[in-house]
Every structure is written in C-alpha cells, then in structure tokens.
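Take a look at the structure set out below.
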Amino acid sequence: MSVFDLQGLAFGVVMTSLGVVFLKAAGLVTGQTAGIALLLSYVLSIGFGPLFFLIGIPFLVLAWVKRGAVFATRTIIVVVGISVLSQVLAELVLFEKLDPLVAAIAGGACSGAGLIAIFRHNASAGGMTILGIMLEQRTGFKAGWFQLSVDALVFAASALVLNPSQLLYSFIGALITNMAIVWNFDVAQSGTGRPGYGRAATKD
C-alpha cells in the first residue's frame, strides 16, 4: 500500500472516529452499522468500538469474497482503526457543554469527510457501505442514497430508545453525512484518491 493511500485512510479513520465522538457525546445516532453500534451502546454495557467491530465482521467477509483481498484488507484496517480510535478519542475529547445541533452538524460533517476519503482510497468503513459501493458499481444507484434508505430503518429502531429531539438531531447529522457523499463522491474515484491528485485517474 502506498503512502498516498495510507494517509488517505488515516485521515478517513480520524475524521470518522471524531464524528462518532460528537454524536456519542450528545446521545445521538447515525445510520449504517455505526448507527446500530451507537444505539446498542446506549442500551448495553458495551462500548461503541467493540460493537462496531463485531457487527462489521459479516460484511468484512462479504468484502473479501466480492471485492477481493486488497479492498477487504484496507477495509479491515479501517474498521479496526475506527473501533479503537473512537474509544481513545472519547477519553481524550471531552465537552463541558455540547449543543446537540452542533454535535449533529459537526458529527455529520466529520463522518462525511472521513467516509469520502475512505471510499476514494478503495476501502469501506464496513457494513452497508460495502453493499452501497457494490450497488453503485453495478447499477449506478448512488451509494449515498442507498445509505440514506438504510438509515431510515435504523432510525425507526432508534425511535424506541431516543427521545424526539435526539431523533431529529440524529436525522440532521445523518442527512449531512449522506448528502456530503452524494455530492462529493463518485464510485469512479474509488482507488484514485481523486482525479488529478496523487495519481492519474483510471480510465474505463
């Protein structure tokens, strides 16, 4: 793996983990496996990191079978990185006061930026994002839109645990994340960083 890819994945892991810290601190959730892990962390005596890793295991197997060793290996690195770093940052980044709307906006923006970086360097954060990328490659249906659809199911379950205001702010954060992906990422950029930077864009 090149230094170019390593720095991109490292940036993605840091930003995504920071997004989780904002959301967790405000008692919010997001979509995908991260949202499921956050939701379960509120009702179980298990931290987000271990839950995120355990939930992602079946999707890591899917990534290895369907996308190959390179993509799967990078995705494993990302999932482990987020699982560990989100726990570490939660102990280091403490908030005396955190408005839930600010947490939703900052958490959504950080997660969106992190996921875009991860996608562009031929990896995934695990879970439904793997299915989203595969679906976009096969059909052209945007991965962000797919994730938004899955998020609806996660939020339906979250309504049983969160209060209405937490649910609203969580939705705002997830919307920011997914719209950032829809507007700023195309599956053709996967594995290129971005056209014209770091390496030449691949041609079909």
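A quick note: this is a predicted structure, and the numbers were derived from the prediction, not measured.
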Of all heavy-atom pairs between [X] and [Y], which one has the smallest distance, and what is that distance?
X      : Y      : answer
Ala174 : Gly31  : CB-N, 4.4 Å
Ala72  : Ala63  : CB-C, 3.9 Å
Pro100 : Ala26  : CA-CB, 4.3 Å
Ala125 : Leu115 : CB-CD2, 3.5 Å
Val78  : Ala123 : CG2-CB, 4.2 Å

How about [X] and [Y]: do any of their side-chain heavy atoms sit closer than 4.5 Å?
X      : Y     : result
Arg74  : Asp5  : yes
Cys110 : Thr16 : no
Val20  : Phe52 : no
Ser124 : Phe71 : yes
Ser17  : Gln87 : no

Derivation and outcome, side-chain contact (heavy atoms from CB on, under 4.5 Å), residues Leu162 and Ser170
CA-CA 10 Å; Leu162 306 184; Ser170 297; 3.9 Å; yes

Would you say the side-chain atoms of [X] pair up with the backbone N or O of [Y], donor to acceptor, closer than 3.5 Å?
X      : Y      : answer
Tyr169 : Pro164 : no
Thr177 : Gly108 : yes
Gln166 : Leu28  : no

Out of curiosity, [X] [atom1] to [Y] [atom2], how far, rounded to the nearest 0.5 Å?
X      : Y      : atom1 : atom2 : result
Met15  : Ile116 : CE    : CD1   : 10.0 Å
Lys24  : Leu89  : NZ    : CG    : 14.0 Å
Ile36  : Ser41  : CD1   : OG    : 12.0 Å
Leu51  : Leu44  : CG    : CG    : 6.5 Å
Leu168 : Phe155 : CG    : CZ    : 10.0 Å
Ile172 : Leu175 : CD1   : CG    : 8.5 Å

Stepwise, does the side-chain contact (heavy atoms from CB on, under 4.5 Å) test hold for Leu40 with Ile55?
CA-CA 11 Å; Leu40 290 177; Ile55 294 170; 4.1 Å; yes

Would you say [X] and [Y] are hydrophobically clustered, going by side-chain heavy atoms of ILVMFWY under 4.5 Å?
X      : Y      : result
Leu94  : Val102 : no
Tyr42  : Leu23  : yes
Ile77  : Val80  : yes
Leu153 : Leu39  : no
Ile57  : Val13  : yes

For the residue pair Phe22 and Phe95, does the interplanar ring angle fall in the parallel (under 30°), tilted (30 to 60°) or perpendicular (over 60°) class?
tilted

Run the side-chain contact (heavy atoms from CB on, under 4.5 Å) check on Ile82 and Phe48 step by step: do they pass?
CA-CA 10 Å; Ile82 294 173; Phe48 167 84; 4.3 Å; yes

Before we go on, tell me: are the rings of Phe4 and His121 under 6.0 Å apart, centre to centre?
yes

Could you walk me through whether Ile176 and Ile105 pass the side-chain contact (heavy atoms from CB on, under 4.5 Å) test, one step at a time?
CA-CA 7 Å; Ile176 290 172; Ile105 294 172; 4.0 Å; yes

Does atom CZ of Phe171 have more than 12 heavy-atom neighbours from other groups under 6.0 Å away?
no

